[in-house]
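Convention: sequence-line order gives letters A, B, ...; per-chain numbering from 1. Bear in mind the structure is a predicted one, so any value in this text is a computation, not a measurement.
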Number of protein chains: 4
Amino acid sequence: MPKETFFNLPEEKREKIMAEVVREFRDYRYDEASINRIVQRSGIAKGSFYQYFENKEDVYFYLLALIGEKKMENISPALKNPGSLDFFSLLKEIYRAGIEFGLNHPDYLEIGNKMMRETSGTIWPKILEKFGPQGQDAYLGILQRAQNNGEIRKDLDLRLLARMMISMQMTLMEHYFENHGDKGYSLDILEELDQFFVILKTGIAGGKP
Amino acid sequence: MPKETFFNLPEEKREKIMAEVVREFRDYRYDEASINRIVQRSGIAKGSFYQYFENKEDVYFYLLALIGEKKMENISPALKNPGSLDFFSLLKEIYRAGIEFGLNHPDYLEIGNKMMRETSGTIWPKILEKFGPQGQDAYLGILQRAQNNGEIRKDLDLRLLARMMISMQMTLMEHYFENHGDKGYSLDILEELDQFFVILKTGIAGGKP
Amino acid sequence: MPKETFFNLPEEKREKIMAEVVREFRDYRYDEASINRIVQRSGIAKGSFYQYFENKEDVYFYLLALIGEKKMENISPALKNPGSLDFFSLLKEIYRAGIEFGLNHPDYLEIGNKMMRETSGTIWPKILEKFGPQGQDAYLGILQRAQNNGEIRKDLDLRLLARMMISMQMTLMEHYFENHGDKGYSLDILEELDQFFVILKTGIAGGKP
Amino acid sequence: MPKETFFNLPEEKREKIMAEVVREFRDYRYDEASINRIVQRSGIAKGSFYQYFENKEDVYFYLLALIGEKKMENISPALKNPGSLDFFSLLKEIYRAGIEFGLNHPDYLEIGNKMMRETSGTIWPKILEKFGPQGQDAYLGILQRAQNNGEIRKDLDLRLLARMMISMQMTLMEHYFENHGDKGYSLDILEELDQFFVILKTGIAGGKP
DNA sequence: TATGAATGAGCTTTCATTCAT
DNA sequence: TATGAATGAAAGCTCATTCAT
């Protein structure tokens, strides 16, 4: 966590700094991101940076936490009470929320994506340590409930499925933002989502087993 | 491409160098990979390296090309003549080939995986430039044929589908190698593959539309 | 010397600060000691520190002075009136006092030892400036009196002898605290001291000239 | 050890660098010594320095080794065959050699002294690791032989005595170099040495037990 | 063709001290 | 009197690439 010093800063300055932090980690992954650039663009002394944050890791995880918070804020009521929806409705809601988040905070989305690809970077072990099971477990819980409800075939390996769904979600998001990101949120994407869910539900062959 | 000098090298020396190149890019992603380490372990002079290759980029893409070649070599006859198989058989063949390749060349597999996560690295634009359409196009062709044959629903966006299938393949491979990689190639994985294809074909819900 | 502000501080606060100062200079030598750590652990503001003390040097020498005072306090009556004892009894008293001091104030002892090894540090000139002759002079006086009394050979260079006795005392103390420090003060050490004084008096060869 | 690169350097350059290394470690102890200053004064690039040496530790220990070598070179035949001398003659020879070495290589002497005071520095553990028992053991061996020969009282704790003799040697050397160092080697010092040995042998009281 | 020394910008981090409030 | 934010020089070290021999 940043030091007290940081939170005592005038809001404007604090935000200027965070804006540059966001920019840096949006444009570069962890190892490539440069504290030098951040302080230079923020117009603060290098020493000051280290009065605010413990080290590079500290800013990075603070940023991730901020993004996580923003994500939770923007989550729909439906997602807070997942038991109330059938699996596919829930899934659709997850995707919708994800896309909405990406539209509102494209930088954060990019940072999140970069994070998920840190696998071979020096920061990965620390990422795992802090967020490790979180992502997959959330999905796994949803899948298990769905399987119990008979919405998912009993013979599927849910751990594999959870993994797949996460990577599929990333892919779908990337596809969407490359093709529609600038046009803003529209019905297009909902239709694409529907299409995607039909595939998931009934297979790409058209449901004829 | 490497310079002529490289190809004039005695085979043994050339292979020693490439072995160390492989090792380096298997263990580190592009930016972290160190020419220093490569030359040191190869036992060649730093200057020599730059007489063989233009620069870091040059070795890297040469390596990727080599891996591509190896992949093509090991491809089954069925894949060379994709028209002869129905879509799901073809797909199964692709996966089988992928897994076999991973078992025979685990280093290459790892390098490939690392490459696909370079999205956020400085090298990505160059990767796109050289291989950009390639991967997707291959898949796209197969999907189009399958769609024409009525094996895939007409209303699916094949570009999205191609992307998804690629990321799904990566995920599946990773899952396989994390869980079975050391036990070697066995029937287990074929069964898992079947399971996966059923999902793909009939949906995760069990084929009840 | 610390500024007035420091002495106006409530005793408790002043002592908390000094406790952390002691800890720091016990654990690190002058250059490595960190004002940062001191203020952090004392729970005072960085700025406050510089309102109490001129600078790092100032605290350090204030600490050394405090230790000196403590040393004087705990000195036995015998040492205050050195004329009343023969040289070897006096010497024994000095050592006994030193060991007792070390047992009562191990932190101070360590700080003192560290100080004597600052010879190569940036602070040494200042140490010399303030305490330079002091230590040697005390010894020198004792030695001179002893020489006059015929307790020490006339032909010895007392300045060299004083130096030697100081370094010997340090060595002896270190030896004692490494080997007996935890067991507390006991007759063991007095015996060792006796042994040592016999050497000093009659030589390591056994007194046969 | 320095890298090959360093030994391949033209002698002149190598010596210029080592001269600056010597100067730096003569003037500053390990933690304070600055690679920056060394390279700047040597007129080489910072990167070059790290082509020659692994790191700061590497130069430092290389320097210490060099000094050790020089010490061995200049050692008198008598010291190479210590069995041939009685204890006090041997001791005298040790001191004489030490002083001669100090006269010939005052910088090395200072570096050695600084090293012995690194006790509380970060480098100390490494020093111990490499040279740890060496110094004391050498002395201990000599003392044991002397004790067996009846040259030293049987009841003395040789470990303590060894320590004392080492610190006494340092003190004596410092005293000598502060007072006579510039005048060069002369009979003065031999007389002082004799004086010192008489003390050691028969006690400071004049041999009257 | 082979060599390996030279380069210098870049990295993250620490520090004692100042100064406006 | 108390505060704590600001400072910037300095630290050790790594890197891909160049170039004279």
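The CG-C1' distance, from N55(B) to dC15(F), rounds to 14 Å in whole Å. Counting to the nearest Å, the P atom of dT18(E) and the CZ atom of F53(C) are 16 Å from each other. When rounded to the nearest whole Å, the span between CG of D58(B) and P of dT18(F) equals 13 Å. Rounded to whole Å, the distance from CZ on R14(C) to C1' on dT1(F) is 16 Å.
Take Y60(A) and apply the ring-ring contact (aromatic ring centres under 6.0 Å, His included) test, not counting sequence neighbours, and it matches F25(A), Y30(A). When the salt bridge (charged side-chain N to carboxylate O under 4.0 Å, His left out) test is applied to D107(A), the partners found at least two apart in sequence or on another chain are R26(A). With sequence neighbours excluded, the residues that form a side-chain hydrogen bond (donor to acceptor under 3.5 Å, both in side chains) with N36(D) are K46(D). Here E57(C) pairs with K126(C) under the side-chain hydrogen bond (donor to acceptor under 3.5 Å, both in side chains) rule; sequence neighbours left out. Partners of Y50(C) under the side chain to side chain contact (heavy atoms under 4.5 Å, CB included) rule, at least two apart in sequence or in another chain, are I35(C), N55(C). Residues that satisfy the side chain to side chain contact (heavy atoms under 4.5 Å, CB included) test with I67(C), not counting sequence neighbours, are L63(C), F101(C), Y108(C), I111(C). With sequence neighbours excluded, the residues forming a side chain to side chain contact (heavy atoms under 4.5 Å, CB included) with E32(A) are Y28(A), R29(A), D31(B), T122(B), listed by chain and number.
Y52(C) comes within contact range of the sugar-phosphate backbone alone, with a heavy-atom separation under 4.0 Å but no base atom that close.
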For a side-chain contact (heavy atoms from CB on, under 4.5 Å) check, start with the C-alpha distance between F53(C) and F61(C), then their side-chain angles and the critical distance, and finish with the verdict. CA-CA 11 Å; F53(C) 304 101; F61(C) 283 110; over 6 Å; no
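Set against dT3(E), dT17(F), dC13(F), the side chain of Q51(B) has dT3(E) as its closest nucleotide. In this structure, the nucleotide among dT14(F), dA16(E), dT13(E) sitting nearest to the side chain of K56(C) is dA16(E).
Positionally, the nearest nucleotide of DNA chain F for K13(C) lies more toward the 5' end than for the other of E54(D) and K13(C).
At least one side-chain nitrogen or oxygen of Y50(C) sits closer than 4.0 Å to the OP1 or OP2 atom of dT17(E).
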Please report, to 0.1 Å, the donor-acceptor pairs under 3.5 Å made by any side chain of residues 4-14 of chain C, with sequence neighbours excluded.
| unit_1 | atom_1 | unit_2 | atom_2 | d |
| --- | --- | --- | --- | --- |
| T5(C) | OG1 | Q51(C) | O | 2.4 |
| R14(C) | NH1 | F7(C) | O | 3.4 |
| R14(C) | NH1 | L9(C) | O | 3.2 |

With a 3.5 Å cut-off and sequence neighbours excluded, list the donor-acceptor pairs that the side chains of residues 17-24 of chain A form with protein atoms.
| unit_1 | atom_1 | unit_2 | atom_2 | d |
| --- | --- | --- | --- | --- |
| E20(A) | OE1 | R41(A) | NE | 3.2 |
| E20(A) | OE2 | K16(A) | NZ | 2.9 |
| E24(A) | OE1 | R37(A) | NE | 3.3 |
| E24(A) | OE1 | R41(A) | NH2 | 2.7 |
| E24(A) | OE2 | S34(A) | N | 2.8 |
| E24(A) | OE2 | R37(A) | NE | 2.8 |
| E24(A) | OE2 | R37(A) | NH2 | 2.7 |

Dot-bracket line, read 5' to 3' along DNA chain E, where crossing pairs take [ ] and | marks a partner on another strand, Watson-Crick or G-U under 3.5 Å: .||||||||||||||||||||
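Residues I38(C) and S42(C) share a closest heavy-atom pair of O-OG, 2.6 Å.
The stretch residues 32-49 of chain C comes close to DNA chain E through A33(C), S34(C), I35(C), N36(C), K46(C), each having a heavy atom under 4.0 Å from the strand. Contacts between residues 1-9 of chain C and DNA chain F, defined by a heavy-atom separation below 4.0 Å, involve T5(C), N8(C), L9(C), listed by number.
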